[in-house]
Structure formats: C-alpha cells, structure tokens
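Everything below concerns the one structure shown next.
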Amino acid sequence: MGRFLFSAGIAAAVLLAGASAQAAGVSDQHRSTSVIGGYAGVIQTELDNPEVGFNESAEGYLVGLDAYFNTWLSSNFATQFDLNARFTGGQEFEPGVVSYGESFSGGVHVAYRDPEKFALGVFGAAQKAGYHTEFGDGFAPGIGLVGVEGQAYVDDLTIYLQAGVAQGDRVDVGGGAFYRDYGQFKFVRGVLRYFLNDNLKLSAEASYSEGEIGYYAFNGVYVGTEVPVSIATIKLGVDWRPDGSDASFFAAYEASLNSQSISGVDRSSIDHRLLAGLKIDFAAETLKARDREGVTWDLPQLADGIAQGNNLNYCFIGDCFPNNVPLPP
C-alpha cells in the first residue's frame, strides 16, 4: 500500500509538468513575499502500549512558530525557505511525571511556477523531534527529507501533492547499552485548498509514511530487530484574512497515528490537536495571492510523527520489563 501511494504521488507530481504549454509569470509586487505566524492549542495523546506502566491518555498544551520566505529567481522560477518550531508540555504519560516535547524543521523548495495553472518543484529538509520528562531523560531523533512536489490550480481550488524519502539517525537511549535506529521512511502527502473568496480558505490534507525503527540492546549478547512502522495524519483547517489587513487568523484540527507491529504485538499512539493562531503577510495582498504567487509550499512534519512513537516500546531481552515480545525468527 505504501509503495503504491509513494509511486502514485511521484507520478502525479510529474504529470503536472505537462499541464501548461504557455506559462504565465509572477507579478512585480510579488517578487519576494514572506509569512510569519504563531499558534497555541491543546493536545491529547492516546497510547495502546500494554504492560509498560504508562497512562492510556495524556492531555497537555502546544505552542508553535512558523516563518516562510519566497523569492522569484526569474519570471517562472522561485525558491522558498521554511522554518518551523513546535513545543508541547503538561502531559503525564507516567503517573506523576510531566513530559515535554520539541520539534524543529527547516527546509528549502525550488520550483518552476505558473501562477495561473501549476507549479512543480523539489524540496529538501532537516527535522528533529523528541520528548523528554521533567527529569531530563528522553531522546530526539533527527531526519533528513528529500522529495518532489506539485500543485495544480483549478479556478478556486489548489491541488497539492508531495512524495519523498526520509533518512533517520541512530539515537542512544541507555548509556550505550540500548539504542534505536530510525531508518528510512517513504512518504506521500496530499492537500486541498479551496478559496470561498480571495481571503477565506478551507483546507484538508492527509499523509501516509512507512518505514522501520530498530530496537537494539546489549546484555552480554547483542539482541534486537527492526520494527515496521506506519504513520498517518489528517488535518482540517480554515484561514480568514480581513480585507485590507496584513494579518490572517486560522484554526485547525490535526490527528496523527504512529502504529508499530511485530511478532503479533501491536503498539500505537494517536495524537489529537486543536490549535488556533495568527499569520502576518508581507507583500501578498490576499490569501489567494499568497497561494498562487507567494508562499505556497510547506513541509510534512514527519519527525513529529516518528517521535510520537517514543513512548512506545518493545523489549527483546530476558531481563527487561515487560518481556512480552518474542524475537522474530
């Protein structure tokens, strides 16, 4: 399923290249545009992590900051830079122990753009996300992403597709005796943006990723294995910008699932997030102008989805607890 979606995403993005025989250029007032924003909200995490002593549900808060800058290299080629940060806190996965989380993302997009019909580009990004407790213990995997992306403009509708691969790093979680290897992931993402008018936008998106996380331990003898992981997210949002204002307001609901399964033992973590915030536009007169000629790309927050599984655990050695997962043959 994941391989099919990944291939379909790349094929769909490539097909956008043939959508126009004669490309329109960017308007002079939109040669360089930028957006900064911030938001706050609530988060609820539900764990299916049997016999590890964690609470099944934990609530907390989240805050985030975003910054984007787009500049046109010519009438049809543009580069966009992204910076994103998110912080969570107040969750008690372990009774009486407060957990916090941070995630950081930076990326660059290079694209051929026809503001009237379509855009086609490539992107690269570095991300890091993790969770820790008030006592400082925790770990944060980092990943690098590369991919292709495309947009098609059909009147008031923007269709946005992304696909790519990500490579994670190895994280020591136990003084050299235990570590996790966050391997390669493939991902595909689709976004729909519909403009009820130039300053009122509805959006919906979904993404899917799959890969493996290696759980390894040394207890005199090396023991470990790779656990298949799938990550699915959805997001629904609304943006509104008062006419004549540079500020816009937005609200969104996000849901993210990290699912792991091996040897007949399943683990999962589901995040529900409600958030609201403010964005400030520089040089884009409307939300639709921002979408077609200004800041239009964003990044899949894959590191967030991977790190969401940090509270899930598998144990493959005889003296650890709980030891309820047989080592695969």
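Applying the side chain to side chain donor-acceptor pair (under 3.5 Å) test to K288 and every residue at least two apart in sequence or in another chain returns D156. Listed by chain and residue number, nothing satisfies the ring-ring contact (aromatic ring centres under 6.0 Å, His included) test with Y253 (two or more places apart in sequence, or in another chain). Judged as a ring-ring contact (aromatic ring centres under 6.0 Å, His included), and not counting sequence neighbours, the contacts of Y160 are W297. The side chain to side chain donor-acceptor pair (under 3.5 Å) test applied to S245 returns no partner, not counting sequence neighbours. Listed by chain and number, the residues in a ring-ring contact (aromatic ring centres under 6.0 Å, His included) with F87 are F104 (sequence neighbours excluded). The side chain to side chain donor-acceptor pair (under 3.5 Å) check on S57 picks up Q44, E59, with sequence neighbours excluded. With sequence neighbours excluded, the residues satisfying salt bridge (charged side-chain N to carboxylate O under 4.0 Å, His left out) with D246 are R241. Every residue was checked against the salt bridge (charged side-chain N to carboxylate O under 4.0 Å, His left out) condition with D82, not counting sequence neighbours, and none meets it. Residues satisfying the side chain to side chain donor-acceptor pair (under 3.5 Å) criterion with S256, sequence neighbours excluded, are Q308. Taking the salt bridge (charged side-chain N to carboxylate O under 4.0 Å, His left out) definition, one finds that R189 meets it with E205, D298, sequence neighbours left out. Among residues two or more places apart in sequence or in another chain, the ring-ring contact (aromatic ring centres under 6.0 Å, His included) test is passed with F282 by none.
Put simply, CD1 on I234 and OG on S207 are 10.0 Å apart, with the number rounded to the nearest 0.5 Å. Here OG1 of T233 is found 11.5 Å from CZ of F187. Values are rounded to the nearest 0.5 Å. With rounding to the nearest 0.5 Å, the separation of OG in S261 from CZ in R267 is 10.0 Å. For the atom pair OH of Y182 and CD1 of I213, the computed distance is 5.5 Å after rounding to the nearest 0.5 Å.
Taking every heavy atom of both residues into account, V295 and Q80 meet most closely at CA-OE1, 3.5 Å. Closest non-hydrogen pair, Y153 versus P115, comes out as CD1-O, 3.8 Å. When all heavy atoms of E212 and P228 are compared, the closest pair comes out as CG-CA, 4.2 Å. Residue G190 comes nearest to L161 through the heavy atom pair CA-CD2, 4.1 Å, listed as atom of the first residue, atom of the second, then distance. Here the closest heavy-atom approach between residue I280 and residue A247 is recorded as CD1-CB, 3.6 Å.
No side-chain heavy atom of L200 sits less than 4.5 Å from a side-chain heavy atom of F195. Contact of the E285 side chain with the R290 side chain is not registered, since no non-hydrogen atoms from C-beta on lie closer than 4.5 Å. A heavy-atom distance below 4.5 Å is found between the side chains of V146 and V165. In this structure the side chain of T79 reaches within 4.5 angstrom of the side chain of L73, judged on heavy atoms. Counting heavy atoms from C-beta outward, W72 and R113 have side chains that approach closer than 4.5 Å. With a 4.5 Å cut-off on side-chain heavy atoms, F185 and I231 count as touching. Contact of the T33 side chain with the F69 side chain is not registered, since no non-hydrogen atoms from C-beta on lie closer than 4.5 Å. Under the 4.5 Å side-chain criterion, counting only non-hydrogen atoms from C-beta, L192 is in contact with I159.
Ion pairing between E254 and R86 holds under the 4.0 Å rule for side-chain N and carboxylate O.
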Side chain to side chain contact (heavy atoms under 4.5 Å, CB included) assessment of H109 paired with L299 = CA-CA 9 Å; H109 313 254; L299 295 168; 3.7 Å; yes
query = Passes side-chain hydrogen bond (donor to acceptor under 3.5 Å, both in side chains), S248 versus D239? Steps please.
reply = CA-CA 7 Å; S248 61; D239 291 65; 5.1 Å; no
inquiry  = What verdict does the side-chain hydrogen bond (donor to acceptor under 3.5 Å, both in side chains) test give for Y68 and N84, after you've listed the backbone C-alpha separation in whole Å, the side-chain angles of each residue and the deciding distance to 0.1 Å?
reply    = CA-CA 9 Å; Y68 306 91; N84 311 101; 3.2 Å; yes
ask   = Please walk me through it: do D66 and L83 pass side chain to side chain contact (heavy atoms under 4.5 Å, CB included)?
value = CA-CA 6 Å; D66 301 310; L83 291 173; over 6 Å; no
task = Report the C-alpha distance between L302 and I306 in whole Å, list the side-chain angles of each, state the deciding distance to 0.1 Å, and finish with yes or no for side chain to side chain contact (heavy atoms under 4.5 Å, CB included).
result = CA-CA 6 Å; L302 185 56; I306 295 174; 4.0 Å; yes
task = Evaluate the side chain to side chain contact (heavy atoms under 4.5 Å, CB included) criterion for residues R292 and T158: first the C-alpha distance (whole Å), next the side-chain angles of each, then the deciding distance (0.1 Å), finally the verdict.
result = CA-CA 9 Å; R292 304 297 168 87; T158 295; 3.2 Å; yes
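In the model, D243 has a side-chain atom that pairs as donor or acceptor with a side-chain atom of N199 under 3.5 Å. Counting only N and O atoms by type, the side chains of D271 and T45 include a donor and acceptor under 3.5 Å apart. Y100 and E102 share no donor-acceptor pair across their side chains, judged by distance under 3.5 Å alone. Using modelled atom types, one finds no donor on one side chain facing an acceptor on the other under 3.5 Å when comparing N258 with S269. Counting only N and O atoms by type, the side chains of S268 and S259 include no donor and acceptor under 3.5 Å apart. No hydrogens or angles considered: a donor-acceptor pair under 3.5 Å links the side chains of T296 and R193.
Following chains of ILVMFWY side-chain contacts shorter than 4.5 Å, one can reach L278 starting from W240, so the two form part of one hydrophobic cluster.
Taking Ile, Leu, Val, Met, Phe, Trp and Tyr as members and joining any whose side-chain heavy atoms lie under 4.5 Å apart, directly or through other members, the hydrophobic cluster of L62 also contains Y39, I43, F250, L275.
Within the 3.5 Å criterion, the main-chain N or O of A303 finds a donor-acceptor partner in the side chain of Q127. Remark: the backbone N or O of A58 is paired with a side-chain donor or acceptor of Q91 at under 3.5 angstrom.
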